[in-house]
Protein chains: 2
Amino acid sequence: MEEKLQNKENMTISDVAEALGVSKTTVSRAISGKGRVGATTRNKVLSYIEKHNYKPSTVAKGLAQSRTYNICVTIPSDCGVSEQLFFQSVVAGMCNYLALRDYDVVVASISDMDISNLKRIVSNHKVDGVIVSRTYRNGIIVEYLKESHIPFVTLGLCNDKEVAQIDCDHREGCKELTSLLLMRGMKKIGLIGGDTRHMVTQSRYQGYLDAFKELGLEADQQLIYENSITAVLVENAVEELMVQQADCILCMDDSICNFVLHKCSHDGIIIPEDLKVASFFNSSILENHRPAITCLNFDNNEEGVIAAKTILDLLDGKEVPNVKKLGYQVIINNSTK
Amino acid sequence: MEEKLQNKENMTISDVAEALGVSKTTVSRAISGKGRVGATTRNKVLSYIEKHNYKPSTVAKGLAQSRTYNICVTIPSDCGVSEQLFFQSVVAGMCNYLALRDYDVVVASISDMDISNLKRIVSNHKVDGVIVSRTYRNGIIVEYLKESHIPFVTLGLCNDKEVAQIDCDHREGCKELTSLLLMRGMKKIGLIGGDTRHMVTQSRYQGYLDAFKELGLEADQQLIYENSITAVLVENAVEELMVQQADCILCMDDSICNFVLHKCSHDGIIIPEDLKVASFFNSSILENHRPAITCLNFDNNEEGVIAAKTILDLLDGKEVPNVKKLGYQVIINNSTK
DNA sequence: CTGTTAGCGCGTTCAA
DNA sequence: TTGAACGCGCTAACAG
């Protein structure tokens, strides 16, 4: 009777020990695998907890080890559609990898200047490490994390050699895509860029410039529209670029590209006949567009996995590279034919 | 010297107590506000921890109170664009509300049939409650949560009167929108629906039917295309509906609508002249579309807030309504003019 | 109003 | 190979 009721809500390691007539220590060792236990006792313990569905409390375990088994990830609440899709994939990748090591993901919703959620989580000792999912030119997040001495990694560069950074090599990718277009004979390639406060915007911009430089050309500043973070700004940029007779428009991300495509379709601009279009990103927003859009492809899910792997290495005291570069693919489609 | 170094990494409540010559209990009470402490001592403690930047460990506090101060939210990893946007808003709302109560959000990335992450989190005792962000016709998640006796709420209906459910009244909203279109004289209103395994799809479908019934009409089954979860399926549906000379297409969500719009634009179908289009959702994907799309508008962020509020009420032992209905807006735009 | 004593559930010494 | 005792950092019950 008592035996059966052992399937109670909160069975503890003591209950198991008592029921089996062994000590808590033995149970603990049998479960964790650390410290030697007789094969017989081990099996006895394991089969018992299996049958009675006992699982140790990660919280108590964490307290005893001064760990939480939680990793915090920052998610900007003020961001465009394609970025949201990006974060979602990243988080999924992280979750799945961390789960393998019994770690979980705690979300810190942050906005432009308000990182109070992050601060609360860190100062409450709720996580062992932080993954910063986007870096900014102003480094307030990095600054804060450094001074609170919590291990962290960033997705994106951050101009600080001491920080472990994961970067998809946007610069190189954007350079390659831009070069390709230049070599296909396009002369007036407009660039519609995103929020310049984000580091990734910088990288993409640099890549764009690199391509021109490498070919001994000079980028025309008149064709560059940065901070086009609203539909209206993008539309204005498109209009001005058409007046300037640009033959191609490069969009820094898919949200921008989406606006460009809407604008073109509305104004009767035919792609690629009247104008070529390409994007420095590849989200599912443009997935089904006709013509298919030339773009760069990054594996967001893998970024999450790598970030998770890196932060755990950091927690284990392993050496991690300052900047870990991830690859990309250039996908040429009909929009630049 | 020691005094200044008190700003050390892991200051504990004992350090504070010792430094101030009081007991840990007093410090604890001064901080939590529970139990009476002399105003003088309280201020002494508060100013000390303020100055030395001490914050109690939520983990230890949780262990002592048999709580974790964490709420789990399930996020489907296999979902369309507009759904992803939905989840992101919901999570942001939850985070911000829970933060007010010192709670945090732990993410369980789940997929179609694999809820192992959720199971791990729950059985490891890592959270006090769960918010299920989408309900399914098959109730494996609800079933699991019920038998593990952890408090939870669902976003969406779940056919189980014992479960606390938050519902945006999709049924009523869809009915209203459909009625409006019928009353505007549209006769052949096609419906392109989503994944029928999701409860929300059912609700929307019912709302569509309700509208016909209320007007004494009968919905034409030939005009209904369910499970159109890929671009190709949606496109086929559009083609067939055009052949059937439908005068309007209702899309169950914005991803579907997006595909419909792409298809129309590609096939030269002019909206609203050749065809009216409306969506049962309103995400930022269609934000800038021309013509603007008639749709239903839900406040996703608020859904998250309400869900968070409800789960905390549940944890506090308060009574919560079985089904909490949230409002919606019908937004009439040029796409149905 | 404050301090002492026990736990919360587990890991980890140190002996045996 | 096993167990007893202690500690992780904090709250709660019970004094005084």
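First the proteins, then the strands, lettered A, B, ... as listed; each starts at 1. Every heavy atom of this structure was used, including side-chain atoms; hydrogens, water molecules and symmetry mates were not. As the structure is a computational prediction, the values presented were derived from the model and not from experiment.
- Counting non-hydrogen atoms of neighbouring residues, nucleotides and ligands closer than 6.0 angstrom, the CD atom of B/Q65 exceeds 12 such neighbours.
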*Would you give a per-nucleotide map of nucleotides 6-16 of chain C, 5' to 3', where B means the base has a protein non-hydrogen atom under 4.0 Å away, S means only the sugar-phosphate does, and - means neither?*
-BBBBSB----
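- Counted by atom type alone, B/Y103 and B/D128 present one or more donor-acceptor pairs between their side chains at under 3.5 Å.
- Taking every heavy atom of both residues into account, A/D316 and A/R101 meet most closely at OD2-NH2, 2.9 Å.
- Listed pair A/T26 / D/dG3 meets the phosphate criterion, a side-chain N or O lying under 4.0 Å from OP1 or OP2.
- Near-neighbour residues of DNA chain C inside residues 38-46 of chain A, defined by a heavy atom below 4.0 Å, are absent.
- Contact record, A/D112 with A/D78: N-OD2, 3.0 Å, taken as the closest heavy-atom pair.
- Other residues, nucleotides and ligands contribute only 12 or fewer heavy atoms inside 6.0 Å of the NZ atom of A/K34.
- The shortest side-chain heavy-atom distance between A/I71 and A/I131 falls under the 4.5 Å cut-off.
- At most 12 heavy atoms of other shown residues, nucleotides or ligands fall within 6.0 angstrom of atom CG in A/N159.
- Around atom CG of A/N43, more than 12 heavy atoms belonging to other residues, nucleotides or ligands sit under 6.0 Å away.
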